[in-house]
**Student:** 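Sharing a structure here in structure tokens format.
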Amino acid sequence: MNTKDELAKAYDPKPVEEKWGKFWLDEGLFVADPKSPKPKFSMVLPPPNVTGILHMGHALCFTLPDIITRWKRMQGYNCLWLPGTDHASIAVHNVIERSLAEKGLTREKIGREEFLRIAWDWKAKYGGAITGQLKKLGASLDWSRERFTMDPGFSRAVKQVFVSLYDEGLIYRDYFLVNRCPHCRTVLSDIEIEHKDLHGKLWHIRYAVEGSDESVVVATTRPETMLGDTALAVHPEDERYAHLHGKRVILPLQNRPIPVITDERVEREFGTGAVKVTPAHDPVDFELGKKHGLEQVIVIDGSGRMTEAAGPDFAGLDRFACRAKVVEKLSEQGLLVKVEAHDHAVGHCYRCKNVIEPHLSWQWFVRIKPLADEAIRVVEDGSIEFIPANWAKTYFEWMYNIHDWCISRQLWWGHRIPAWYCRDCGRIMVAMEAPAKCDKCGGALDQDEDVLDTWFSSALWPFGTLGWPDETEDLEAFYPTDLMSTGFDIIFFWVARMIMMGLKFRGRIPFRHVFINGLVRDLKRRKMSKSEGNIIDPLEMIDKYGTDALRFTLAALAVPGMDLALSEERMAGYQAFANKIWNASRFVLMNLGEERPAVREAELTFADRWIRSRLAEVTAELSSSLEQYKFYEGADLIYHFIWHEFCDWYIEFAKVGLREGNRTTAAVLADALDRILRLLHPFMPFITEEIWQHLPGTGKSITVADFPRPEPGWRDEALERDMALVQEVVEETRKIRSENKIAPREKIKLILVEGHAKRTSNASGKATIIRTESEILRGLTGAAELEFCEAMPAGDDLLKGVTGPCEIGIIPPKPTDLGPERERLQKEIAKVEAETAKIERKLENIDFVAKAPAAVVEENRTRLEELRARREKLGQNLAKVGAAS
RNA sequence: GGGCGGUUAGCUCAGAGGUAGAGUAUCGGUCUUACAAACCGGGGGUCGCAGGUUCGAGCCCUGCACCGCCCACCA
């Protein structure tokens, strides 16, 4: 890259992001090589829906793993991060059927073939939107391996899995009561139902006992289903109803006799203790019906309308309209005893939010227990780890109580179930390819109309994308993957099923770590939704603050497993951070030529050694944070280091050296920046690449540069402690200046009173610190004249005697009010005294001295001494100021 | 009904049994030649409540309150 062109004064992300985003892809820097001898690190991207447009959830889901992948890549791993999209049956249906409805059409009117043509067209046209947006986030995905859950290879994998499971008896077909969404007109699995507590009613209805004047009152939340009642149930030991055993009651409105049955599952305390039984429309009743051999009368169809069986008064009515009418009729006939308010949970469709309807029909199921048992084991034995670990509990909770999985959907967009039915003998044939005719009777065959649950195919994502069922190079090289990063909302939908299918079809876990990220919420902690109007659009944020700022914000807020409240202010803060780095880099580059100067050990200044020591420490800490997926911690670390150590202190120190023409300082500055950029790169890929390319002596791309390792020789804790003293002196000086309203320009005289000697450093360190200290005091505080207290020995080296924290006083440059300084000292004294008292109390406590670890006791003693010494010096200073006034 | 989180500065959140932190906001002061998207300084806290363990608790234990989420067949 051209190192000569100057950096603009302020950072402008747009051209930079465009340039390097393209460069990385053109150069194939993220393309994985299955033959590489390097250790591998692989992930598959949770495929976004083709219908999707980028939202903050995506931004988070792509940023966090991208940080990991970039970090691993820089560490020399052969990284594969495989992208793709999901066909999202129901979501696509919703989109297309809505547009059909606008033209007065339905999918049934245009037919399956035409519908699928439209769907594929739509996918081709809009399905790419999400991938284009993804690239803007700078996610280092291997686009050469992009997949789609309905591409031919993946479809083959899906069929293969279905056929195998069917052959093994793990997939079966059954006539069963399932959840159906009347709006989406398909059945759903149990976890696709959202339970919401609603304020409902409990209607008490009188049923006459056959052949007597007696009656029984039942309570129900769904009066319309009574039309399909085929029994009345009471508890066998409920004495109130003992005389009804074996009798029949007359179903009102239908005037049909139904038997009274007894079952332990009836709660005597609830309602009247007598319950109507509707086997075709209630899950419990369905089971009761099976147990007691009851008839199943379907009175509500798949669209939520009443059937002929509901009787002429109700047939054709919508279920809710029917409810009103039933209640009305019962009331007219005096059979409605009372109506109570009653809160209860009602199932809603997770896609369209309509109330779901229990629906009796033929469906396909996965017999899940045998698969779940293995999947439980691999988490129990630690083969798969959840991060944070307590999500494993959620996983177990569901897995232990898992129910068979209904996988058929009455939709067209998706993987059509590879099952054929013989028109003549009804035989079912399941195969990869359509059989020509029935292998039993030779009859013609019809393929099952339904498609598979989208999640059935997603479950195969970690190996289906790598070429399975073929034993490909990629599959060999990259399965199992190392990390699955996703939201807790799809642990059941997706994570659990991937584990089950991975174990079943690869015999190995699909991934080692499951990182659970939280939900992105707004500042009021509400979920972002269109209807709330609180959406923060990532593309808008990128436009406004830059991708790096967005990424850094998400990382800084990402505490594992916790929801994060996104704030635009914060993002603006990280935009400023990018600008800060930019300007710091400008300063560094200004002080470099075409070549990077070499470091000469002998010329290293105190500050140079200090920043190297800090760098070694921060490098180690950052790696440790990333290893634990503590993105917030890593972000915080690097942010603080760059802004408040590198910029605020080191660059200021370096100016002293640079002014004197110290080329080693220039070299250290350049080297530190180089390392900083590499440390920061996983978080802020674009700006770091841009600056790095301007630094002399770097390589092809920072994406494949070495991630820094802590230099073992650089860490120097004693030196860091000395620097802390220097910083204390400087900060105290600034404080005094500020409180006395002394302008930076004005020269002041400082009085340094030597502190206690406890924190003495080694002799050579002292010499250095003293020199640096003078530099800094001049350079940073503008104090040209230093004056030291009487106790200080006079001599050439003004600060020779300073060995510990210093109390600083000032002699104002001109007569001025010393009141503020006096107040400051008094406040400081009060603080010191309060703390002294606290520690004294502690040390007077015999138990504390006896039982606390010796080191802690010693620490407190030292601290007490420090405080007492400090109190004394403060007193001396106060006396001086007091005397001056 | 069962389970899981949360409650720390005005706001958003970190926090490792041993001196309560960050960002931001706020107040005051600075154009100190990398950066006003900046610099310097200040103020701001009974760590939800009540007990307990401990020499010592924001942190561990018990109970309670409130907020949020997940699961669940009292119709």
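Labels below follow one simple rule: chain letters A, B, ... track the order of the sequence lines, proteins then strands, and each chain is numbered from 1.
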**Student:** Could you tell me whether A/K655 contacts a base, only the sugar-phosphate backbone, or nothing, with contacts defined as non-hydrogen atoms closer than 4.0 Å?
**Tutor:**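 A/K655: base contact, heavy atoms under 4.0 Å.
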**Student:** Taking B/rG18 as the reference, what is the distance to B/rA50 when you measure between their C1' atoms (whole Å, please)?
**Tutor:** 25 Å
**Student:** Let me know the distance between CD1 of A/I642 and C1' of B/rA38, rounded to the nearest Å.
**Tutor:** 17 Å
**Student:** Output yes when A/E833 and A/K838 qualify as a salt bridge under the 4.0 Å nitrogen-oxygen rule, no when they do not.
**Tutor:** no
**Student:** Among residues at least two apart in sequence or on other chains, which ones pass side-chain contact (heavy atoms from CB on, under 4.5 Å) with A/R268?
**Tutor:** A/H235, A/E237, A/D238, A/R240
**Student:** Counting just side-chain N and O atoms, does A/Y574 come under 4.0 Å of either OP1 or OP2 of B/rA37?
**Tutor:**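 Negative; the distance criterion is not met.
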**Student:** With a 3.5 Å distance limit and no angle check, can you tell me whether A/N401 reaches the backbone of A/E397 through a side-chain donor-acceptor pair?
**Tutor:** yes
**Student:** Roughly how many Å apart are B/rU8 and B/rG15, using the C1' atom of each and rounding to a whole number?
**Tutor:** 9 Å
**Student:** Would you say the base of B/rU24 and the side-chain of A/R570 have a donor-acceptor pair closer than 3.5 Å?
**Tutor:** no
**Student:** Enumerate all atom pairs, one protein N or O and one N or O from nucleotides 73-75 of chain B, separated by less than 3.5 Å.
**Tutor:**
{"residue": "B/rC73", "atom": "O2", "partner": "A/R265", "partner atom": "NH2", "Å": "3.1"}
{"residue": "B/rC73", "atom": "N3", "partner": "A/R265", "partner atom": "NH2", "Å": "2.7"}
{"residue": "B/rA75", "atom": "OP2", "partner": "A/H342", "partner atom": "NE2", "Å": "3.4"}
{"residue": "B/rA75", "atom": "N6", "partner": "A/E267", "partner atom": "O", "Å": "2.7"}
{"residue": "B/rA75", "atom": "N6", "partner": "A/F270", "partner atom": "O", "Å": "3.3"}
{"residue": "B/rA75", "atom": "N1", "partner": "A/E267", "partner atom": "N", "Å": "3.2"}

**Student:** In residues 843-855 of chain A, which ones come under 4.0 Å of RNA chain B, going by heavy atoms?
**Tutor:** A/N845, A/D847, A/F848, A/K851, A/A852, A/P853
**Student:** Hey, are A/K655 and A/E652 close enough for a salt bridge, meaning a charged N less than 4.0 Å from a carboxylate O?
**Tutor:** yes
**Student:** Base, sugar-phosphate, or nothing: which does A/N401 touch, judged by heavy atoms less than 4.0 Å apart?
**Tutor:** nothing
**Student:** Separation of A/R863 atom CZ from B/rG56 atom P, in whole Å?
**Tutor:**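 For the pair A/R863 CZ and B/rG56 P, the rounded distance is 21 Å.
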**Student:** What distance do A/R265 atom CZ and A/D285 atom CG have between them, rounded to the nearest 0.5 Å?
**Tutor:** 9.5 Å
**Student:** Please work out whether the ring planes of A/Y639 and A/Y574 are parallel, tilted or perpendicular, with thresholds of 30° and 60°.
**Tutor:** perpendicular
**Student:** Over 60° means perpendicular and under 30° means parallel, so classify the ring planes of A/F492 and A/W398, tilted if in between.
**Tutor:** parallel
**Student:** Which part of the nucleic acid, if any, lies within reach of A/H644 when heavy atoms closer than 4.0 Å are counted: base, sugar-phosphate only, or nothing?
**Tutor:** sugar-phosphate
**Student:** Determine whether a donor-acceptor pair (one donor, one acceptor, N or O, separation below 3.5 Å) exists between the side chain of A/K580 and the base of B/rC35.
**Tutor:** yes
**Student:** Which residue, A/D282, A/T230, A/D229, forms the side chain to side chain donor-acceptor pair (under 3.5 Å) with A/K276?
**Tutor:** A/D229
**Student:** Can you check the distance between B/rC74 and B/rG63, where both ends of the measurement are the P atom (answer in whole Å)?
**Tutor:**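 Pairwise P distance, B/rC74 against B/rG63, rounds to 26 Å.
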**Student:** Does the distance from a Lys or Arg side-chain N to an Asp or Glu carboxylate O, for A/D543 and A/K14, drop under 4.0 Å?
**Tutor:** yes
**Student:** With a 3.5 Å limit on both atom pairs, tell me what B/rG45 is paired to, counting Watson-Crick and G-U wobble, or say none.
**Tutor:** none
